Asker: 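Dropping the structure in here first, questions after.
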Amino acid sequence: MPPVFAHGRLRLYLLGLLDEAPRHGYEVIRLLEERFQGLYAPSAGTVYPRLAKLEAEGLVTYATEGGRKVYSITEAGRAELADRRGELADLELEIRESVSELAAEIRADVRGAAGDLRREMRAEASATATPVEDASWAAAKEELRKAKHEWKEQARRAKDESRRAREEAQQARRQAKEAQERAREEVQRIAAQFQEQFAKSGGMLGSLAGAWLGGGSAGAGSGGSAAGAANATSATASSAAASGSDWAEDLAPTADPARDLDRLLDRFRDDVRDAARDHGVSPAQLAEARAHLAAAAARVTGTLRA
């Protein structure tokens, strides 16, 4: 008889059982026996060492309840199980096929035993020349009938389980393929959206610069603060130039300049917002900031349009 589990497959199936619910070792053995319809039951010497190895690998853990170790799957175990969902579906199919093979062997054994029984009874009848069917003959026929009925039922159940396993495996493959297609379409959509937004960013920055410049002129006309803001701008620009060489140096460049620019703009926005939140903003500081932003926008957009 071929082995029920190929090398390493019982380990995967144990992870699948523990993903359903926490279980102790005896319960795992009983579940395996049920899923093989009583045709196969692993020994404790088969199951417990594998549970201990999974625990040593960090894929399962256990808690002691009532003197028994109750095993549960860990996040690492779920991650491995998620990576091997397709393989687990194939394993379910193989189990159904193993049940079918075991049932076929039982049918062959039953047929052989029935043939031997018939031959023995015929020989006995010939030797005694007694055509009358006694109680032992009737009992033997009844046992034979029950055995034939049992293997027919096992064959039918094994066939149904095999069909369901094939359908589940096909459905799992379809779902995985659909998920990959959706992910690919989503990545393409985001990439196209980003490219479109970046293509428009130059015009948006230019418009923002014009709005800030216009607001700064109005403030100068009413309060006369634009000249002071311009002087502060000049003083601050020199210190900014001195420290600009190491600004955002933790942002490692990628192979996509457009993406790198977008990350720099995000860092710039976050730095300004953090400073405003931590220290507050006065009207004079707002006017000075507007002048700085207008100058920066004009220089950046000019560089991008060159």
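As the structure is a prediction and not an experimental result, all values here were calculated from the model. Residues: numbered from 1 along the sequence shown.
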Asker: Ignoring hydrogens and angles, state whether a donor on the side chain of R35 or Y13 is under 3.5 Å from an acceptor on the partner side chain.
Answerer: yes

Asker: Give the ring-plane orientation class for W247 versus F268, where under 30° counts as parallel, over 60° as perpendicular and anything between as tilted.
Answerer: perpendicular

Asker: Say whether I73 and V47 are linked into one hydrophobic cluster, either directly or through other cluster members, by side-chain heavy-atom distances under 4.5 angstrom.
Answerer: yes

Asker: Under 4.5 Å between side-chain heavy atoms, counting indirect links through other Ile/Leu/Val/Met/Phe/Trp/Tyr residues: same cluster for V281 and L293 or not?
Answerer: no

Asker: Check for a donor-acceptor pair, side chain of R23 on one end and backbone N or O of Y71 on the other, with a separation under 3.5 Å.
Answerer: no

Asker: Would you say L54 and V70 are hydrophobically clustered, going by side-chain heavy atoms of ILVMFWY under 4.5 Å?
Answerer: no

Asker: Are L93 and L10 connected in a single hydrophobic cluster, I mean Ile/Leu/Val/Met/Phe/Trp/Tyr linked by side-chain heavy atoms less than 4.5 Å apart?
Answerer: no

Asker: Going by the rule side-chain contact (heavy atoms from CB on, under 4.5 Å), which residues pair with E150 if we only count those two or more places apart in sequence or in a different chain?
Answerer: Q154, R157

Asker: Is it the case that over 12 heavy atoms from other parts of the model lie below 6.0 angstrom from the OH atom of Y48?
Answerer: yes

Asker: Once side-chain contact (heavy atoms from CB on, under 4.5 Å) is applied, do any residues pair with A52, and if so which ones, sequence neighbours excluded?
Answerer: none

Asker: Roughly how far apart are R50 CZ and R11 CZ, rounded to 0.5 Å?
Answerer: 11.0 Å

Asker: Whether the side chain of R263 engages the backbone of A252 through a donor-acceptor N/O pair (distance < 3.5 Å, no angle test) should be reported.
Answerer: yes

Asker: When clusters are formed by joining ILVMFWY residues with side-chain heavy atoms under 4.5 Å apart, either directly or through shared neighbours, do L51 and Y26 land in the same one?
Answerer: yes

Asker: Can you tell me if R163 has over 12 outside heavy atoms packed within less than 6.0 Å of its CZ?
Answerer: yes

Asker: Using atom types as modelled and distance alone, determine if a side-chain donor or acceptor of Q285 lies under 3.5 Å from a backbone N or O of S282.
Answerer: yes

Asker: Looking at T61, is its backbone amide N or carbonyl O close enough to the side chain of S72 to form a donor-acceptor pair, meaning the two atoms are under 3.5 Å apart?
Answerer: no

Asker: Closer than 3.5 angstrom, by distance alone: can the side chain of T301 be matched with the main-chain N or O of A297 as a donor-acceptor pair?
Answerer: yes

Asker: Between atom CG of L12 and atom CD of E87, what is the distance when rounded to the nearest 0.5 Å?
Answerer: 5.5 Å

Asker: Does any part of the side chain of L251, heavy atoms only, come nearer than 4.5 Å to the side chain of D260, both counted from C-beta?
Answerer: no

